[in-house]
A.B. asks: 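Input: one structure, supplied below.
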Amino acid sequence: MIISRAFLKQNRKKRLEQGHSWVFPSEIERIEGNPQGGDVINIHNHAGHFLAQGFYNPLSQLIIRVVTYSEVIVDEQLFHDKIEQAWRRRQWLLPSVTSCRVVHGEADFLPGIVIDKYENVLVVQILALGMEVRRQWIYTALKKIFNPRGIYERSDVSVRRLEGLEERVGFVEEPFDTHVTVGENGLSILVDVAEGQKTGYFFDQRENRAALRPLMTGWGLNRGIQVDENGQPKNALGKEIKNPFWDGAEVLDCFSHTGSFMLHACLYGAKKVTCLDISEKAIEMAKANALLNGFLHRTEFVAANAFDFLREQVKEKKTWDVVILDPPAFAKNRQSIEGAIRGYKEINLQGMKLVRPGGILVTASCSYHLSATRFSNMLQEAASDARKVLRLIEFRRAGLDHPVLLGSEETDYLKFAMYEVFER
Ligand code: SAH
């Protein structure tokens with residue numbers, strides 16, 4: 001088969017050479033051959049030097065997505081090897097982890113696919129035409145490498161339309177129970193890969209959730225609790241305190257989904273965690289997870305819109321030691337960024353008002369259109385409006401199973417920060 005060739009313009013930004021895996025129509029000088037959507041195409045620079053091979057889709061703004069920088073044949077074996085390499089990288093960096101993202105699209109040199117491993121169940125999301133037409137290669141490789149109990153497809157995302165694809169969800173072969181209990185940082189977390197957000201769970205915050213550990217204890221003194229010479233905690237009136245979690249934080253976990261942050265908070269010693277999500281289904285899942293891990297008596301659940309709930313709590317002068325905000329991506333594209341920033345600012349502004357003096361705001365954004373700098377600026381504005389001073393404990397990114405390509409800022413999407421909040 002003759003492979004078509006795309007020649008790139010001389011005066012384009014050298015993004016491809018910098019590790020970015022998308023070619024835009026405006027960067028192409030000419031195309032030789034008659035490539036069809038989904039075909040492999042060779043990419044050359046203006047002088048004719050070979051740069052890479054990619055998948056071609058004339059319907060998409062991402063007209064070519066780089067698959068390999070070599071001239072190997074793009075076949076089933078190549079897919080198998082790439083998926084296996086991606087899995088080996090996780091086993092190497094996260095040796096004790098059995099559930100994680102196995103393939104993170106472009107950053108694993110498999111543009112437009114996401115593969116998440118939930119113990120012995122795999123979930124696949126296909127976002128590009130070149131991958132769509134080769135989905136059988138992906139499934140064959142997955143069966144060989146993992147011998148899974150089942151594979152579920154969650155291609156229910158609207159960006160597929162930009163590739164000319166319809167949404168699709170369902171079992172790849174035989175149906176199976178889509179409820180899976182995954183292990184994370186010593187916890188058991190029940191996930192529904194068919195009904196949960198995205199592919200069922202957010203593995204990208206695994207290490208960030210573990211980073212909550214030191215924040216969950218050390219709050220008793222703030223509440224006037226003293227420990228006597230026998231190690232017995234007593235309140236300011238000298239009354240003995242029975243609650244074994246007397247030193248633990250009172251936590252508000254907003255946008256809790258499966259309740260993963262709540263579970264970590266409880267594991268690390270929180271006294272009480274309030275979980276909030278707009279979705280009743282998510283709240284049910286969080287409750288089931290609290291029960292599964294023996295934390296039900298330290299948790300409470302609210303199904304409500306965070307924008308309303310936060311404002312109401314401020315009005316009622318409620319406060320917490322730690323407030324966690326892990327909202328969905330408010331900015332879905334570059335055009336909606338300004339509105340999204342207003343949304344982020346509003347929840348962060350109200351959220352920090354709910355933090356007791358010296359308490360902690362844990363805040364995240366998974367929208368890659370919002371850069372880390374704009375995220376920090378947004379927090380700064382919210383803090384100054386709320387008359388607070390924030391002191392950074394730690395700024396973090398996505399976990400090790402979500403690699404970041406230096407030349408591709410889209411792969412660096414998650415911001416996660418923990419701040420102490422002071423009055424001004
Ligand atoms: N913290 C979770 C992930 C959050 S995903 C984790 O670590 O797994 C975002 C969640 O926000 C979803 O569960 C969604 O139902 C919820 N959500 C979206 N809009 C909301 C709103 N306005 N108020 C409250 N929850 C909302």
Side-chain angles (χ1 to χ4, degrees), residues 99-101 116 118 123 154 156-157 180-185 187-212 251-268 270 273-290 292-293 299 301-314 322-332 336 339-340 342-351 354 361-367 370 396-399 401-402 413-418:
S99 292
C100 65
R101 176 147 300 185
D116 282 343
Y118 292 87
V123 183
R154 282 294 300 266
D156 50 342
V157 277
V180 190
T181 303
V182 299
E184 181 175 276
N185 300 319
L187 290 156
S188 296
I189 305 179
L190 180 67
V191 173
D192 184 352
V193 299
E195 294 287 336
Q197 296 270 320
K198 298 277 167 86
T199 69
Y201 187 67
F202 297 90
F203 291 121
D204 54 358
Q205 300 261 34
R206 176 193 312 101
E207 290 91 328
N208 299 339
R209 295 181 188 113
L212 291 184
V251 180
L252 174 62
D253 175 14
C254 269
F255 308 95
S256 61
H257 191 226
T258 53
S260 63
F261 279 99
M262 166 272 288
L263 296 173
H264 285 76
C266 288
L267 177 68
Y268 301 142
V273 185
T274 307
C275 264
L276 174 111
D277 200 286
I278 199 165
S279 148
E280 296 274 358
K281 254 188 210 160
I283 287 294
E284 283 315 308
M285 211 63 170
K287 228 183 254 180
N289 276 319
L292 181 65
N293 289 274
T299 49
F301 300 88
V302 186
N305 186 332
F307 285 87
D308 304 330
F309 178 85
L310 292 169
R311 234 174 280 137
E312 278 158 24
Q313 301 305 298
V314 170
V322 179
V323 172
I324 302 169
L325 303 172
D326 183 22
F330 291 153
K332 302 276 188 225
S336 61
R342 278 195 297 279
Y344 285 119
K345 183 179 166 190
E346 169 65 11
I347 57 159
N348 278 281
L349 177 89
Q350 304 301 341
L354 294 175
L361 177 74
V362 176
T363 181
S365 164
C366 58
S367 177
L370 185 69
R396 306 176 56 91
R397 305 281 178 147
D401 49 345
H402 291 64
Y413 64 99
L414 187 68
K415 282 84 43 197
F416 175 90
M418 307 188 290

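For ligands, and for the atoms within them, numbers begin at 1 and follow the listed sequence. Values below: all heavy atoms of this structure, side chains included; hydrogens, waters and symmetry mates excluded.
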A.B. asks: Could you list the residues that satisfy ring-ring contact (aromatic ring centres under 6.0 Å, His included) with Tyr201, not counting sequence neighbours?
C.D. replies: Phe203

A.B. asks: Taking only residues two or more places apart in sequence or in another chain, which ones pass side chain to side chain donor-acceptor pair (under 3.5 Å) with Arg342?
C.D. replies: none

A.B. asks: Fit a plane to each ring of His257 and Phe202, take the angle between them on a 0 to 90° scale, and name the class: parallel (under 30°), tilted (30 to 60°) or perpendicular (over 60°).
C.D. replies: perpendicular

A.B. asks: Would you check ligand 1 and list the protein residues that come within less than 4.0 Å of it by any heavy atom, ordered by chain and number?
C.D. replies: Gln197, Phe202, Arg209, Phe255, Ser256, His257, Thr258, Ser260, Phe261, Asp277, Ile278, Ser279, Ala304, Asn305, Ala306, Phe307, Asp326, Pro328

A.B. asks: Would you tell me whether Thr199 and Tyr118 have side-chain atoms, one donor and one acceptor, within less than 3.5 Å of each other?
C.D. replies: yes

A.B. asks: Please list, chain by chain and in numerical order, all residues satisfying side chain to side chain donor-acceptor pair (under 3.5 Å) with Tyr268, sequence neighbours excluded.
C.D. replies: none

A.B. asks: Going by an N to O cut-off under 4.0 Å, is there a salt bridge joining Asp192 and Lys281?
C.D. replies: no

